[in-house]
Student: 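The structure is given below, and queries will be raised subsequently.
So that the names make sense, note that chain A is the first sequence line, chain B the second, and so on, each numbered from 1. What's counted below: heavy atoms across the whole structure, side chains too, no hydrogens, waters or symmetry copies.
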Number of protein chains: 2
Amino acid sequence: MTTGMPHIAQRPRRADGRRNYDAILAAARKAFEADGSEASLESIAAQAGVAIGTLYRHFPARASLVEAATRDGLADLVAHAERLASSSDPLRALSEWMEQAVRHFSTFRGLVGILAQSMYDEGTPSHAMCSAMHRSGADLLHAAQTAGLIRADLTPGELFDLLSGAAWVREQSLPDRDGSPRLLRLILEGITTRAQEP
Amino acid sequence: MTTGMPHIAQRPRRADGRRNYDAILAAARKAFEADGSEASLESIAAQAGVAIGTLYRHFPARASLVEAATRDGLADLVAHAERLASSSDPLRALSEWMEQAVRHFSTFRGLVGILAQSMYDEGTPSHAMCSAMHRSGADLLHAAQTAGLIRADLTPGELFDLLSGAAWVREQSLPDRDGSPRLLRLILEGITTRAQEP
DNA sequence: TTGACATCCTGAGGCACCCTCAGTTTGACT
DNA sequence: AGTCAAACTGAGGGTGCCTCAGGATGTCAA
């Protein structure tokens, strides 16, 4: 997964192909939700009522199945960022987006790890989406920095490291004991500009 | 791994037993270093010149092998914390300890995840060591808070979340592109008391 | 030294999962 | 109805996990 074109699965043309593609995707979403990104591909195929070879036909690597299963959600995140970019309150915009980003990054166990890899490895299915997120996030950060609300020496890469770390912590903790809102608040307050405080 | 006594592997009594125990541990350290905590146990056994059953005799679960492989390092960390506890510069002490903690947490890929689990799951081999770390880290934090140098509303649990997140990021990034020193600095500056700044 | 025996070791074997590929079926289009 | 690319199937070879019945051996006391 380091060389060659990134594989973005496209919907097949034949009717049975599309049917199976959709069934596999639905089963995968359910399985990832329950068992994390390491869920058994064979049981996903079985759940979709399809032979294992069919799954591999549509999604030649686990990462491409994960990409397809998360594409829409991450696209929403990017769209939301672009909507927020014109906000008159850049700090609030950034804060809101960070919250949503962490939520999306930890949709299921193991996802952040895959996304973190994809961020810098171009030969990866999710790389395109990650780049888009990076761009839109960087814009929000830059706006807040220009307004003097966020420390100017914080790079987009560092912001993503902080968000990934928070998402990973959220992923680890049990759903009922989710400390990520508090963690995110700490991070946000930690990177706001000092002069803003009384 | 949720019920029953935590299994702390103890050195076996017979000479051949001790020999094999040590050989397995050495092989495991090397394998974890190279392949992360998910390294193949069968190849570890082979590397140690021992049958797979022997490995399982000494380390009935992967987690107990990880525990044994990291025990000394984490014990050092706790000892260092206790030495730092009497420092006249609590902020520097905390900072130094945090740096070392992140380094130890990310000794090899997958370790932070295991430690994060062990922190709150008592039926886990590493739980005892994690508790000790928690205590000694909390002391350093408390000292810095009493001196008014760290925000008073930060709990030890939150500090560990931040450290775990940073360690995870470090674990993900390639050795040459390690951004964790910078990340740690951001975190530290983020939790210092606001009035301290000019 | 020599039993006696608890400790320790072995590795085959059942299970789960990964991924491939040769052979077969079928939808789509003429 | 005929053609054929697209899609499907599932056996099979590979890796890894973990167990357990049977065999080997170090230890210690007599």
Side-chain angles (χ1 to χ4, degrees), chain A residues 1-4 7-28 30-32 34-69 109-110 114 124-125, chain B residues 1-4 7 9-28 30-32 34-69 109-110 113-114 124-125:
Chain A
M1 256 312 147
T2 271
T3 62
H7 176 94
I8 306 293
Q10 47 183 330
R11 265 171 125 238
R13 306 165 190 50
R14 250 170 62 173
D16 55 345
R18 263 174 309 175
R19 229 187 353 258
N20 287 336
Y21 179 97
D22 291 342
I24 293 168
L25 207 45
K30 206 173 294 182
F32 290 154
D35 305 331
S37 64
E38 297 302 310
S40 158
L41 298 181
E42 294 197 325
S43 65
I44 289 175
Q47 182 68 32
V50 140
I52 183 64
T54 300
L55 185 148
Y56 278 96
R57 171 172 185 79
H58 292 302
F59 305 100
R62 179 176 226 98
S64 47
L65 185 50
V66 169
E67 192 274 337
R109 259 173 312 127
I114 292 170
T124 258
Chain B
M1 255 309 149
T2 270
T3 61
H7 176 93
Q10 47 182 332
R11 263 169 129 242
R13 306 162 191 52
R14 250 170 62 172
D16 54 346
R18 262 173 311 175
R19 229 186 353 259
N20 287 335
Y21 180 98
D22 291 343
I24 293 168
L25 207 44
K30 205 172 296 182
F32 289 154
D35 305 331
S37 65
E38 297 302 311
S40 156
L41 298 181
E42 294 198 326
S43 65
I44 289 175
Q47 182 68 32
V50 138
I52 183 63
T54 301
L55 185 147
Y56 277 96
R57 170 172 185 81
H58 292 301
F59 306 100
R62 178 175 227 100
S64 47
L65 185 52
V66 169
E67 191 274 337
R109 260 172 313 125
I114 293 170
T124 259

Student: Side chain of R13(B), base of dT27(D): donor and acceptor closer than 3.5 Å?
Tutor: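 No pair found.
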
Student: Can you tell me the distance, in whole Å, between the CG atom of D16(B) and the C1' atom of dT10(C)?
Tutor: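 Going from D16(B) (CG) to dT10(C) (C1'), I get 13 Å.
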
Student: To the nearest Å, how far apart are I52(B) CD1 and dC20(D) C1'?
Tutor: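 Rounded to the whole Å, the gap is 14 Å.
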
Student: First locate atom NE2 of H58(B), then atom CD1 of I24(B), and finally report the distance between them rounded to the nearest 0.5 Å.
Tutor: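 One gets 5.0 Å once the value is rounded to the nearest 0.5 Å.
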
Student: What pair of heavy atoms forms the shortest contact from G110(A) to S37(A), and how long is it?
Tutor: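 Here G110(A) and S37(A) meet closest at CA-OG, 3.5 Å.
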
Student: Rounding to an integer number of Å, can you tell me how far L55(B) CG sits from dC20(D) P?
Tutor: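 Rounded to whole Å, this separation is 17 Å.
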
Student: Do you know which two heavy atoms are closest between A68(A) and F59(A), and how far apart they sit?
Tutor: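 Looking at all heavy atoms of both residues, the shortest contact is CB-CE2, 3.7 Å.
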
Student: For R109(A) and E38(A), what are the C-alpha separation, side-chain angles and deciding distance, and is it a side-chain contact (heavy atoms from CB on, under 4.5 Å)?
Tutor: CA-CA 8 Å; R109(A) 259 173 312 127; E38(A) 297 302 310; over 6 Å; no

Student: Of the non-hydrogen atoms in I44(B) and L65(B), which two are nearest, and what is the gap between them?
Tutor: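 So the two residues come closest at CD1-CD2, 4.3 Å.
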
Student: Considering every strand and a 4.0 Å limit on heavy-atom distances, what is the contact class for S40(B): base, sugar-phosphate, or nothing?
Tutor: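 Counting heavy atoms under 4.0 Å across all strands, the contact made by S40(B) is with sugar-phosphate only.
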
Student: Tell me the interatomic distance from E38(A), atom CD, to dC17(D), atom C1', rounded to whole angstroms.
Tutor: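 Rounded to the whole Å, the gap is 15 Å.
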
Student: Toward the 5' end of DNA chain C, which comes first, G53(A) or S43(A), by nearest nucleotide?
Tutor: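 Checking each residue's closest nucleotide, the 5'-ward one belongs to S43(A).
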
Student: Atom CZ of R18(A) and atom P of dT26(C): how far apart are they, to the nearest Å?
Tutor: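 From R18(A) CZ to dT26(C) P: 18 Å.
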
Student: Take atom CZ of R57(A) and atom P of dT24(C), then tell me their distance rounded to the nearest Å.
Tutor: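 So the two atoms are 18 Å apart, to the nearest Å.
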
Student: When you measure from the side chain of A51(B), which nucleotide among dC17(D), dT10(C), dA6(D) comes out closest?
Tutor: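 The closest nucleotide is dT10(C).
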
Student: Kindly say if T54(B) contacts the phosphate of dT10(C), meaning a side-chain N or O under 4.0 Å from OP1 or OP2.
Tutor: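 For T54(B), the contact criterion (side-chain N or O under 4.0 Å from OP1 or OP2 of dT10(C)) is met.
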
Student: Would you say a side-chain N or O of H58(A) is under 4.0 Å from OP1 or OP2 of dC8(D)?
Tutor: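 Yes, such a contact exists.
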
Student: Would you say the side chain of E42(A) and the base of dC19(C) hold a donor-acceptor pair, judged only by whether the two atoms sit under 3.5 Å apart?
Tutor: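 Yes, the side chain and the base share a sub-3.5 Å donor-acceptor pair.
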
Student: Can you tell me the distance, in whole Å, between the CG atom of N20(B) and the C1' atom of dA24(D)?
Tutor: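 Distance check: N20(B) CG to dA24(D) C1' gives 13 Å.
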
Student: Distance check needed: dT24(C) C1' versus R14(A) CZ, whole Å only.
Tutor: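 To the nearest whole Å, that distance equals 12 Å.
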
Student: Which sits closer to the 5' end of DNA chain D, L41(B) or V50(A), going by the nucleotide each is nearest to?
Tutor: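 It is V50(A), whose closest nucleotide lies nearer the 5' terminus.
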
Student: Could you tell me whether G17(A) contacts a base, only the sugar-phosphate backbone, or nothing, with contacts defined as non-hydrogen atoms closer than 4.0 Å?
Tutor: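 Since only primed, P, OP1 and OP2 atoms lie under 4.0 Å of G17(A), the category is sugar-phosphate.
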
